[in-house]
Number of protein chains: 2
Amino acid sequence: MHKDMTYDEYRHEVKEGILTEAGNCPVTPLLLMLQGKWKFQILYELFIQDPIRFGELKKNINGITNTMLASSLRELEKDGLVSRMQFNEIPPRVEYSLTEKGQALLPVFYEMTKWGFQYIP
Amino acid sequence: MHKDMTYDEYRHEVKEGILTEAGNCPVTPLLLMLQGKWKFQILYELFIQDPIRFGELKKNINGITNTMLASSLRELEKDGLVSRMQFNEIPPRVEYSLTEKGQALLPVFYEMTKWGFQYIP
DNA sequence: CAGTATCCACCGGGATACTG
DNA sequence: CAGTATCCCGGTGGATACTG
């Protein structure tokens, strides 16, 4: 198994149970990182606008509270998907960006979107 | 936007905010379907072995209880990702399979796995 | 074997108020 | 503006016992 495996190689290894035999599912950490009601939408907003300020995120994500936005961003930052840039100005300004690791999730979003367009009426 | 869009088309539309302007995020329903602690692993086991019996699933998924396995399977079935085949035998036998809709999630798993191999140490 | 039926603990997440 | 500090509710999911 290698990071450049083709889709056919992947499908074959899944069928043979090779990935699980290794004992370490490579998908679990990502699932944990995306866990939580708002993580996905925050990342999605960052794909649209990067960098983006705290207030912009809050305005764009309908229904999110300060508390949840702040805590979600802190977790995404801890997981290395998002970086935080603080400017020491008055009034304060903080900008959030995707890291390379975070940007690399776009192909995952792409496949999910294709699936959605095909199977969700 | 169409289901056969290329990755570059997708990236462009995201950047332009076209998908959100439409108001209907095509990823949300999928995220809801995969919500829950065990859904992903159940689907993964089905990719490895299909069809698979209730007891096999329970044996392969470490720590899952009867309750959670049964309720998760019912939800996956309701969402059209998994189908349930009941044989009226003694002792009872029930086999679970991925539907076409469920099988079509493999490319999503593939991208997540590639990401994992590249970014998870 | 393949589930239900209950009961219950925990914590994710909402609401509100406050602050550097 | 960009957050914390509390408080609290509801629902997810765990444990256990039971059944066609």
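A note on names: the letters A, B, ... follow the listed sequences, proteins ahead of strands, and every chain is numbered from 1.
Contact annotation: B:R84 reaches the phosphate of C:dG3 (side-chain N/O to OP1 or OP2, under 4.0 Å). Taking 4.0 angstrom as the limit, B:K58 places none of its side-chain polar atoms (N or O) nearer than this to OP1 or OP2 of C:dC1.
Ring pair A:F40/A:F109 is parallel by interplanar angle, where below 30° counts as parallel and above 60° as perpendicular.
Atom CG of A:N62 is surrounded by 12 or fewer heavy atoms from other residues, nucleotides or ligands within 6.0 Å. Atom CD of A:E100 has 12 or fewer heavy atoms from other residues, nucleotides or ligands within 6.0 Å.
Across all strands, B:Y96 comes closer than 4.0 Å only to sugar-phosphate atoms, never to a base (heavy-atom distances). In this structure, B:T67 reaches the bases: a heavy-atom distance under 4.0 Å links it to at least one base atom across the strands shown. B:G36 comes within contact range of the sugar-phosphate backbone alone, with a heavy-atom separation under 4.0 Å but no base atom that close.
Heavy-atom minimum distance, B:K39 versus B:M33: NZ-O, 3.2 Å. Summarising the geometry of B:M5 relative to A:Y110, their closest heavy-atom pair is O-OH, 2.8 Å, with the distance given to 0.1 Å.
Atom CG in B:N66 sits about 12 Å away from atom C1' in D:dG14, given to the nearest Å. A straight line from CG of B:L69 to P of D:dG13 spans 13 Å, rounded to a whole angstrom. Separating the CD1 atom of A:I61 from the P atom of D:dG3 is a distance of 13 Å, rounded to the nearest angstrom. Between B:Q35 atom CD and D:dG10 atom C1' the separation is 14 Å, expressed in whole Å. Nucleotide C:dG12 holds its C1' atom 7 Å from the CE atom of A:M68, rounded to whole Å. With rounding to whole Å, A:L57 atom CG is found 12 Å from D:dA2 atom C1'. Between the CG atom of A:L73 and the P atom of D:dT4 there is a distance of 10 Å, rounded to whole Å. In this structure, NZ of A:K59 is placed 10 Å from P of D:dC1, rounded to the nearest angstrom.
Of the candidate nucleotides D:dA2, C:dG3, C:dG14, C:dG3 has the atom lying nearest to any side-chain atom of B:A70. Checking D:dT4, D:dA2, C:dA2 against every side-chain atom of B:R53, the shortest atom distance belongs to C:dA2. For B:V94, taking side-chain heavy atoms from C-beta onward, the closest of the listed nucleotides C:dA2, C:dG14, D:dG3 is C:dA2. Distances from the side chain of A:R93 to the nucleotides C:dG13, D:dA2, C:dG3 place D:dA2 closest. Closest to the side chain of A:P92, out of D:dA2, C:dC1, C:dG13, is D:dA2.
Pairing of C:dT19, defined by two Watson-Crick or G-U wobble distances under 3.5 Å, is identified with D:dA2. Base pairing of C:dG13: its partner is D:dC8, meeting the Watson-Crick or G-U wobble criterion (both donor-acceptor distances under 3.5 Å).
Along DNA chain C, the nucleotide nearest A:G63 and the nucleotide nearest B:R74 are compared for position; the residue whose nucleotide lies closer to the 5' end is B:R74.
Between B:L106 and A:Y7 there is a side-chain heavy-atom pair separated by less than 4.5 Å.
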